[in-house]
Every structure is written in C-alpha cells, then in structure tokens.
Number of protein chains: 2
Amino acid sequence: MDTNILTSDHEQLARFAKALGHPVRVYIIELLSKQSCCFSGDLAEDLPIARSTLSQHLKELKSAGLIQGSIEPPKIRYCINGENWELARKFFGNLLQTTKPCDEQCCN
Amino acid sequence: MDTNILTSDHEQLARFAKALGHPVRVYIIELLSKQSCCFSGDLAEDLPIARSTLSQHLKELKSAGLIQGSIEPPKIRYCINGENWELARKFFGNLLQTTKPCDEQCCN
DNA sequence: TTCTTATTTCGCAAAAATACGAAATATATT
DNA sequence: AATATATTTCGTATTTTTGCGAAATAAGAA
C-alpha cells in the first residue's frame, strides 16, 4: 500500500524547516551560526518581542535540535547544535541541489 | 531603535522554510525537483491524504512561490518555480554554509 | 447537452502556533 | 536570609494550520 511514502527523512527535514519557519527564529539561527559561536538572551534587547515569547522560540529551536543551551548563571548561553546542524545541512543540501528546471514545453 | 532587525530576507527565508515545514510538502518538492520536471495530482494516489488536503498543500507551496502549475485539461501540471527556487537555494545556502562550530569551552 | 474526469473551493472542526504579562525558578550577591 | 538578575513556565487569547467530505468548477468526450 502507500504506507511508507513519507519517510522519516521527510519528517526530519520538515521538522528542521518548520523550526526555521518564523523570521525571529531565522534571525536567531543566522546570528548563532555566523556572528560568533554562542549567545544568550541579549537577543531580547535586539528583538521587538516579549522575553517570554523569545523564550518560546528558543525552546522550539531547541526541541527541533538546532540549538542547545548551557547554563552560566545567571545567564543561559545558546549555540548551534553542531551534530544536527550538519544533518540539516545535508538534508537541505540534497533537496536544493537537485534541480531539473522545467523545460519550456511544460510549465510556462 | 530595533525597527529593522528583522529584514525582508529573514521573512522571505522564513516563508520558504515554513512552506517546507510539512512532510507532505517536503515529499512533493523532492519529487518535483528530482524525479522529473513536471507533475500533476498522481500525487493523490501516492499520498495517504484526501485530495482536498493535497490541494491545500499545493496551494501553500504555490503561494510561497516554490511551485507553479499549468492547466492541461483536465489535469494540472505542477513544477518547481525556477526563479524562486534559485532564490531559496541561495538563502538556505547562505544560512547553512556559515557554521562556526561551538568551541568546547562554551556549550558542552 | 449530458456525462466523466481532475481538481479546487467551501464549511467545518480540531489541533497547533504565536504572543503577552504575571508568576515561578535558579543562582549569585549583599 | 533577603535581594537582584536572567530566564522560563503558566494561563490565556487570538490566529493559523491541518484535515476531511461535500459541493462547485472547468473542460473534453459521448
């Protein structure tokens, strides 16, 4: 039957993508991945959202496995989760690299 | 002030990511990008969802700009939207390539 | 014109995401 | 022990997403 058309890979990729599906979270990830290694809630000062809301976004990124945090009282330092980042990179890379553009015949 | 911390690029990337944030849509995009160029609702036969639901997913991918459809009565043929695909590729590429892994000091 | 096929839109319900402020937590400092 | 700081959890409201079946649409074939 059509049991396993949707693989766990599709689900994993969707999970990563979903986590990136909000501008604030894109911003956070961008910052963590390029600016420096780790970070904390100085984010709150930059972003036009309540701290509790930011916290939820961080939680989502964490539960998607894209970031991780370590306690450095009284702060919490966040950084990219290297392992899953590598995975995400691979998944997105695979998906995005294989492009067979539409021949003009087809979709105008 | 903090007016423009979130740029339209963040929003665009989030829009693309959000569109990919569901296993069914990942499957569709994967199929359209690698298998052949164009496609139609034979998807409905493969996927364990109602046709109306599939239609909604296609609509979302379309409104995110990732795919486009052309009418070939009585069918509709879908394919990747090359232009936006290129854009998405660039955006995701930028985000994913720049990885400065956490030094061990930081997050354990 | 009526029928068939492929697909979408509509109306609805259930679940999840987004956002906030207030209260809770945890840990250093006084 | 009391206070201050950084952050999260809780309770709540609003909006969006997901999913379905039934009805609507569009176009070719009989």
Side-chain angles (χ1 to χ4, degrees), chain A residues 2-3 5-6 10-11 13-29 31-32 38-79 106-108, chain B residues 2-3 5-6 10-11 13-29 31-32 38-79 106-108:
Chain A
D2 52 20
T3 355
I5 295 296
L6 297 178
H10 293 126
E11 266 156 31
L13 183 39
R15 204 148 31 230
F16 286 146
K18 196 172 190 178
L20 290 173
H22 189 288
V24 165
R25 297 196 293 266
V26 169
Y27 173 83
I28 295 171
I29 288 293
L31 201 62
L32 290 182
C38 297
F39 213 70
S40 96
D42 319 69
L43 288 161
E45 287 176 0
D46 298 349
L47 290 167
I49 56 173
R51 276 154 199 276
S52 57
T53 306
L54 171 60
S55 199
Q56 276 188 183
H57 285 304
L58 289 168
K59 191 175 166 189
E60 269 187 70
L61 286 171
K62 199 158 51 174
S63 80
L66 290 177
I67 66 173
Q68 62 194 129
S70 63
I71 309 171
E72 257 174 59
K75 301 196 181 182
I76 294 185
R77 178 172 280 230
Y78 283 102
C79 36
C106 160
C107 301
N108 52 344
Chain B
D2 52 21
T3 355
I5 296 296
L6 297 178
H10 294 127
E11 266 157 32
L13 183 39
R15 206 150 27 231
F16 286 146
K18 195 173 191 178
L20 290 172
H22 190 289
V24 165
R25 296 196 293 265
V26 170
Y27 173 83
I28 294 171
I29 288 293
L31 201 61
L32 290 181
C38 298
F39 213 69
S40 96
D42 318 69
L43 288 162
E45 287 175 2
D46 298 350
L47 290 166
I49 56 173
R51 276 155 200 274
S52 57
T53 306
L54 171 60
S55 198
Q56 275 189 184
H57 284 305
L58 289 168
K59 191 176 166 188
E60 269 188 69
L61 287 171
K62 199 158 51 175
S63 81
L66 290 177
I67 65 172
Q68 62 195 127
S70 62
I71 309 171
E72 258 174 56
K75 301 195 180 181
I76 293 184
R77 180 173 281 229
Y78 283 102
C79 35
C106 159
C107 301
N108 51 346

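Computation of the quantities below employed the complete heavy-atom set of this structure, encompassing side-chain atoms and omitting hydrogens, waters and symmetry-equivalent molecules. All values derive from a computational prediction rather than experimental measurement.
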C:dA6 OP1/OP2 closer than 4.0 Å to side-chain N/O of B:Arg77 | no
Residues in side-chain hydrogen bond (donor to acceptor under 3.5 Å, both in side chains) contact with A:His10, at least two apart in sequence or another chain = A:Thr7, B:Glu30
Return the value, rounded to whole Å, for the distance between atom NZ of A:Lys62 and atom P of D:dT7.
-> 12 Å
Within residues 14-24 of chain B, find the residues that approach DNA chain C with a heavy atom at under 4.0 Å, and present them sorted by residue number.
-> none
Flag side-chain contact, heavy atom, 4.5 Å: A:Leu43 against A:Leu58 | yes
Find the distance A:Ile49:CD1 to C:dC20:P and express it as a whole number of Å.
-> 7 Å
Could you check how far CD1 of A:Ile76 sits from C1' of C:dT27, rounded to whole Å?
-> 11 Å
Is B:Tyr78 near enough to C:dT8 that one of its side-chain N or O atoms lies under 4.0 angstrom from OP1 or OP2?
-> yes
Specify the separation, in whole Å, of atom CD of B:Glu72 and atom P of D:dA26.
-> 18 Å
note: B:Leu6, atom CG; C:dA19, atom C1'; distance rounded to Å ~ 14 Å
Taking atom P of C:dT7 as reference, at what distance in whole Å does atom CG of B:Leu43 sit?
-> 9 Å
Expressed in angstrom and rounded to an integer, what is the separation of A:Ile71 atom CD1 from D:dT7 atom P?
-> 11 Å
Give, ordered by number, those residues of residues 52-61 of chain A having at least one heavy-atom distance below 4.0 Å to an atom of DNA chain C; if nothing qualifies, reply none.
-> A:Ser52, A:Thr53, A:Gln56, A:His57, A:Glu60
Flag the pair A:Leu20 / B:Leu13 as yes when at least one side-chain heavy-atom distance between them is below 4.5 Å, and no otherwise.
-> no
C:dT7 C1' sits how many Å from B:Ile28 CD1, rounded?
-> 14 Å
